Protein chains: 2
Amino acid sequence: MGKRVTILDVAAEAGVSRQTVTRAMNDMADISVSTRQRVLDAADRLGYRPSRFARNLVTRKKTNALGLVVASFRNPYYTDIAADMLSGAAERGWQVLLAPAVGELSDILERLSGQVDVLVGHFGGPEADLREACRGLPVVNLETVSTLPGLHSVHVGLEAGIVEAIGALRERGARRFGMVDAGYSRGTLGAYEPTPRRGWFERAVGDQLTGVVVADEDTISGGGHAFGELLRRHPDTDAVLMFNDLMALGAVQNAHALGIDVPGRVRIVGVDGLSLGEAVNPPLTTISIDRQGLASKTLDIAEILAEADFASIAPIHRTVRTEMLWRASA
Amino acid sequence: MGKRVTILDVAAEAGVSRQTVTRAMNDMADISVSTRQRVLDAADRLGYRPSRFARNLVTRKKTNALGLVVASFRNPYYTDIAADMLSGAAERGWQVLLAPAVGELSDILERLSGQVDVLVGHFGGPEADLREACRGLPVVNLETVSTLPGLHSVHVGLEAGIVEAIGALRERGARRFGMVDAGYSRGTLGAYEPTPRRGWFERAVGDQLTGVVVADEDTISGGGHAFGELLRRHPDTDAVLMFNDLMALGAVQNAHALGIDVPGRVRIVGVDGLSLGEAVNPPLTTISIDRQGLASKTLDIAEILAEADFASIAPIHRTVRTEMLWRASA
DNA sequence: CGACGTGCCGTGAACATTCACGGCACCGTG
DNA sequence: CACGGTGCCGTGAATGTTCACGGCACGTCG
């Protein structure tokens, strides 16, 4: 049951041929007004809707589809990127299929792989797994430089941004640096692995490091708690780099609750450049990531991949810059 | 150029038949290991990827696709809904195609209509337009009761929530009520049309109304400014309903900047139930909307629509309840 | 030696639609 | 009447893949 109603059913119902139904449905010429109406009525009566597969199969309009795996919908950073990706894709005539990053990577790819032409997302896991999971499907890895063939990437030049931020903080008098890192559960549960930005931070501050606290959660409250913990353990800290803006928001919030003057006693810097940072007191200073550039560069790569023969294509890598956004928290 | 590489090309390259290529690609039985490898190599060499259209055409697995039009990516309320919709859809084996609500409605629908089975979104415009724009495509209208056939809806019982909130505020001593409404540019640019929730609010407060200010922007800062304006014009206001949480965040923020005690002098209540409300000082009291319920009910309807014959189906309407979330701002 | 099962592979059909082309009736014109 | 043009409609072909089935070679067993 649930037999699909095809164009032939409509044709029979209206007493015409397939082609005439097509003409009626697609507002084409060579059909009389009465016939068109009769066909339309029949289609309506039967609830006919052309199969999108059969249609796209024959009129291969090359309507490209891009599969976007969103790391988290609870962090505006990712939804901003998704938004930019969506509007950019619409401009270029691309379709976007979205999937949340829940469950096993292989499951997600399983769902998407048959439906899209290019896969895009923040894939943290091992490259080999990723490459294996989607054989033949080109992948654009966001914020992760990949080396395997078939894996392209858009990288964020955050290291330079951190160096710049630390330098500027020094000019403003900061001498004792601390950081709140995010828990990176890559693989085994609860296993903490330092994030790349922690390494860049530690290299930048050198011996002026007071300490690093790893937050339990990649959230506002998680960042707030970790910030409090950091200052409890290292009270002499006078500048803190928060893993991202969301957590930095919690830090500013918690500093206010603890009666810690920002930026008087502690300067707080986030990463991302969320506009949400303007809504807090004091407004958040942040290393802003050009999310729009990230999206457009990704789409550039996607377009190249769609055009090319895919067989003979070397990994493409692009980089977006960061920019200091001095507000008031640092 | 750009000639698509089909299964026949791979078959020729590997010196086998179509079916053998299928067997190799889909990990099927009845194929020797060496042949499979040879086919896989050939496919890799040619960059072959099966046409998703042809595949889905023949194995009509009924992989339903849902078109989701997201009103705004800058408001967590909508991204929350999208997130719930996405994960719910994944569980039910649905595909989700996302489109941002930019440009003309007809353009958006034009892009999506050929690709999806059901359309879902916050469509504000006139029903007739909507109905016309997607003939034959079932639509689930979010937060708007629709009357035309083919237009189903999930409605939020916000009126009851507002009544409950006002009652509770009265019990807490509030006597002078104000509201910040959102500018609703439906149709002509800049034309303000009162939102439904303004009407519900005014009916609930009766003669205890001090005033209503319409915000320029549906944002944090827009809400903050409007809140300030409201208190400037009606200093005796002791309770304010903000159009949504995002704007309420701005109100709390601005109250702090203006030295207005919350909830001491003014009680502030938002609408939506965003977790973001916890991150501000004082935490935001809000009329929480069950976004997850909204998403799941929407998917329920979508499933019914996908099963049914569509022809003989009456408009389906569901309602989600609201729940007061007492935090500290009221 | 013949019958039968099994591993491996290939061919016709089907999926639902659109495109290209051809046909039929009708009308007007020379 | 012959001819060409036009409005309307229908038939073969094509799209790229999978499913159902059939065939061939080889080995085993009675």
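Computed from a prediction, not measured in an experiment: that's the story for all the values here. Letters go in sequence order (proteins before strands), and every chain restarts at 1.
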Of the listed nucleotides ([options]), which one gets closest to any side-chain atom of [X]?
X: B:Ala54; options: C:dT17, D:dT17, C:dC8; answer: D:dT17
X: A:Gln19; options: D:dC9, D:dG16, D:dT11; answer: D:dT11
X: A:Val16; options: D:dG10, D:dT17, C:dT18; answer: D:dG10
X: A:Ser51; options: C:dT18, C:dT17, D:dC9; answer: C:dT17

| said: Can you tell me whether the side chain of B:Arg49 and the base of D:dG16 have a donor-acceptor pair closer than 3.5 Å? | reply: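 Such a pair does not exist between side chain and base.
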
d([atom1], [X]; [atom2], [N]) in whole Å:
X: A:Ile31; N: D:dC9; atom1: CD1; atom2: C1'; answer: 9 Å
X: B:Arg36; N: C:dC8; atom1: CZ; atom2: C1'; answer: 12 Å
X: A:Arg55; N: D:dA14; atom1: CZ; atom2: P; answer: 22 Å
X: B:Arg18; N: C:dG10; atom1: CZ; atom2: C1'; answer: 8 Å
X: B:Met28; N: C:dG7; atom1: CE; atom2: C1'; answer: 15 Å
X: B:Arg23; N: D:dT17; atom1: CZ; atom2: P; answer: 16 Å
X: B:Asp30; N: D:dC24; atom1: CG; atom2: C1'; answer: 14 Å
X: B:Leu8; N: D:dT17; atom1: CG; atom2: C1'; answer: 9 Å

| task | Indicate the ring-plane relationship of B:Phe53 and A:Phe53, choosing parallel, tilted or perpendicular according to the 30° and 60° boundaries. | result |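 Geometry flag for A:Phe53 against B:Phe53: tilted rings.
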
| message | Does this structure show an ion pair linking A:Asp117 with B:Arg49, if we count only N-O contacts that are shorter than 4.0 Å? | response |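 Looking at B:Arg49 together with A:Asp117, the answer is yes, because their closest N to O distance falls below 4.0 Å.
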
| field | 5'-most by nearest nucleotide on DNA chain C - B:Leu57 or B:Ser17 | value |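 In this pair, the answer is B:Ser17.
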
Using a cut-off of strictly less than 4.0 Å, decide whether [X] has a side-chain nitrogen or oxygen near OP1 or OP2 of [N].
X: A:Thr59; N: C:dC19; answer: no
X: A:Asn56; N: C:dT17; answer: no
X: B:Thr22; N: D:dT18; answer: yes

| request: Take B:Asp300 and B:Arg92, measure what side-chain contact (heavy atoms from CB on, under 4.5 Å) needs, and give me the verdict at the end. | output: CA-CA 10 Å; B:Asp300 287 345; B:Arg92 299 166 192 237; 2.9 Å; yes

| query | Just wondering, are more than 12 heavy atoms of other shown residues or ligands nearer than 6.0 Å to CD in B:Gln292? | reply |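 No, because the 6.0 Å sphere around CD of B:Gln292 holds 12 heavy atoms or fewer from other groups.
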
| query | Going by heavy atoms in the side chains, are B:His122 and B:Asn141 under 4.5 Å from each other? | reply |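 The answer is no, as the side chains (C-beta and beyond) never meet within the 4.5 Å cut-off.
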
| query | Within the structure shown, what part of the strands sits under 4.0 Å from B:Thr20 by heavy-atom distance: base, sugar-phosphate, or nothing? | reply |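 The answer is sugar-phosphate, as B:Thr20 gets under 4.0 Å only of primed atoms, P, OP1 or OP2.
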
